[in-house]
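Right, one structure below, let's go through it.
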Amino acid sequence: MAYSGEPIRAEDLLFRPKHSLIDQSLHSRLGATTTNGDGFGIGWYGEGTRPAVFKNIEPAWNDRNLREIAAQVRTPLFFAHVRASTGTAVQRSNCHPFRHERWLWMHNGALRGFHEIKRDLVTAIDPVLYPDIEGSTDSEVLFFLALTFGLFDDPFGAVARAVGFVEEVGREHGVADPVQMTVPTTDGTSMWFFRYSSERQSRSLFYSTDIGTLRLLHPEVEVLWELSMEARFVVSEPLRDLPGAWNEVPESAAGVVRAGHEEVRAFQPVAP
């Protein structure tokens, strides 16, 4: 789950919705796994430009520290992730979101054949960036490839080049359909999101309808009057069943949300 808008308490984002991310960690409806208990993480922006992160290998539904922190954190930009490992170790450094300088990154999916292609992917990462890799996941490697290919200056193009590179390396190693991903990333001001898979059957991803429209559709829903007009969500699964509230990100698409602007466009990997 990713949120952008007026400052709001993390507790209201994590625990209050009927099908909150905490509920999804136990009862996912659309995910590849029903239970996501291999750790969790949250990231948020407060003072300064560098975001804070809090991660743990405990299941999200069973971590008292998460509830304590969420009750006190108020932020205009919030990332949260519950993890189901696709093969790498259950350890704090492998929990999302991943951070580099002012950037946060989360990934739902997998790079297939990662064991076989890992060396080629890692050696392509900028040597200046390489020492900052903390964990062993394919998700973090994909993040650092995007950084290597220019995430700071051109997020759409950088992710397209990173995905194209992974697909090229996968083909060289005989890996069919190497990329499965939904990704949100942010620099603390704008929020980009991507839905893509090599076989064109990507994991679910949704973005929220603008609050003004939702208030007209559902004036009886009190929480809509508590959110600012700039509030936007990007989620793997809808947080509650509310007709007209959620829009599925199209297959092979990417988007950006920032104050006063939102856009969804086609996404196409760029081969090296």
Side-chain angles (χ1 to χ4, degrees), residues 1-5 30-32 77 79 81 96-98 103-113 117 121 124 138-139 141-172 175-211 213-214 230-239 244-272:
M1 178 193 67
Y3 165 82
S4 175
L30 302 177
L77 212 163
F79 272 29
H81 185 277
H96 312 220
F98 301 103
W103 288 79
L104 291 175
W105 172 282
M106 299 188 294
H107 171 220
N108 181 25
L111 302 185
R112 295 193 179 96
I117 66 176
L121 299 184
D138 51 353
S139 300
V141 169
L142 184 59
F143 177 33
F144 274 79
L145 284 171
L147 289 166
T148 297
F149 287 119
L151 187 65
F152 281 6
D153 301 315
D154 177 19
F156 286 124
V159 175
R161 289 186 287 272
V163 171
F165 177 73
V166 173
E167 288 189 325
E168 179 74 12
V169 172
R171 281 191 289 269
E172 291 173 356
V175 177
D177 302 325
V179 176
Q180 170 68 247
M181 72 171 203
T182 59
V183 165
T185 188
T186 180
D187 62 356
T189 301
S190 301
M191 181 167 65
W192 293 266
F193 52 93
F194 303 83
R195 184 185 184 209
Y196 176 81
S197 60
S198 302
E199 69 269 45
R200 306 302 194 271
Q201 294 180 349
S202 304
R203 304 278 175 86
S204 59
L205 191 66
F206 300 85
Y207 64 95
S208 60
T209 301
D210 71 272
I211 299 300
T213 299
L214 285 177
E230 297 293 337
R232 295 291 185 275
F233 293 85
V234 176
V235 296
S236 293
E237 299 184 19
L239 301 179
W246 303 102
N247 309 278
E248 185 173 13
V249 177
E251 182 67 54
S252 301
V256 62
V257 172
R258 65 175 65 95
H261 175 79
E262 58 186 64
E263 172 190 355
V264 178
R265 60 168 76 172
F267 176 81
Q268 181 65 40
V270 175

Is any side-chain heavy atom of V163 closer than 4.5 Å to a side-chain heavy atom of F194? no
Of all residues at least two apart in sequence or in a different chain, which pass the side chain to side chain donor-acceptor pair (under 3.5 Å) check with S202? S197, E251
Think R265 forms a cation-pi with F156, using NZ or CZ under 6.0 Å from the six-ring centre and within 45 degrees of its axis? yes
Under 3.5 Å, is there a donor-acceptor pair between the side chain of R195 and the main chain of V249? yes
Any non-hydrogen side-chain atom of W103 less than 4.5 Å from a side-chain atom of P155? yes
I'd like to know whether W105 forms a side chain to side chain contact (heavy atoms under 4.5 Å, CB included) with L147, so could you lay out the CA-CA distance, the side-chain angles of the two residues, the decisive distance to 0.1 Å, and finally the verdict. CA-CA 11 Å; W105 172 282; L147 289 166; over 6 Å; no
Taking the side chain as C-beta and beyond, is there a heavy-atom pair between V159 and Y196 under 4.5 Å? no
Taking every non-hydrogen atom, the tightest pair across A124 and T148: O-CG2, 3.6 Å
Show your working on side chain to side chain contact (heavy atoms under 4.5 Å, CB included) between F165 and V270 and close with a plain yes or no. CA-CA 8 Å; F165 177 73; V270 175; over 6 Å; no
Measure the CZ-OG1 distance between R203 and T182 for me, rounded to the nearest 0.5 Å. 7.5 Å
Side-chain ion pair, R161 and D154, N-O less than 4.0 Å: yes
Check: W192 and E263 side chains under 4.5 Å, non-hydrogen atoms: no
Please find out if less than 6.0 Å separates the ring center of H81 from that of F79. no
CG of N108 to CD of Q180: how many Å apart, nearest 0.5 Å? 8.0 Å
Taking the side chain as everything from C-beta on, heavy atoms only, tell me whether R112 gets closer than 4.5 Å to E199. yes
Ignoring hydrogens, what is the shortest heavy-atom contact between G170 and I117? Give both atom names and the distance. CA-CG2, 4.2 Å
pair L111-P178: side-chain heavy atoms closer than 4.5 Å: no
Between S139 and H107 the two heavy atoms that sit nearest each other are OG-ND1, 2.7 Å
For L151 against A158, the heavy-atom pair lying closest together: N-CB, 3.3 Å
Flag the pair L77 / Y3 as yes when at least one side-chain heavy-atom distance between them is below 4.5 Å, and no otherwise. no
Between L239 and M1, is there a side-chain heavy-atom distance shorter than 4.5 Å? yes
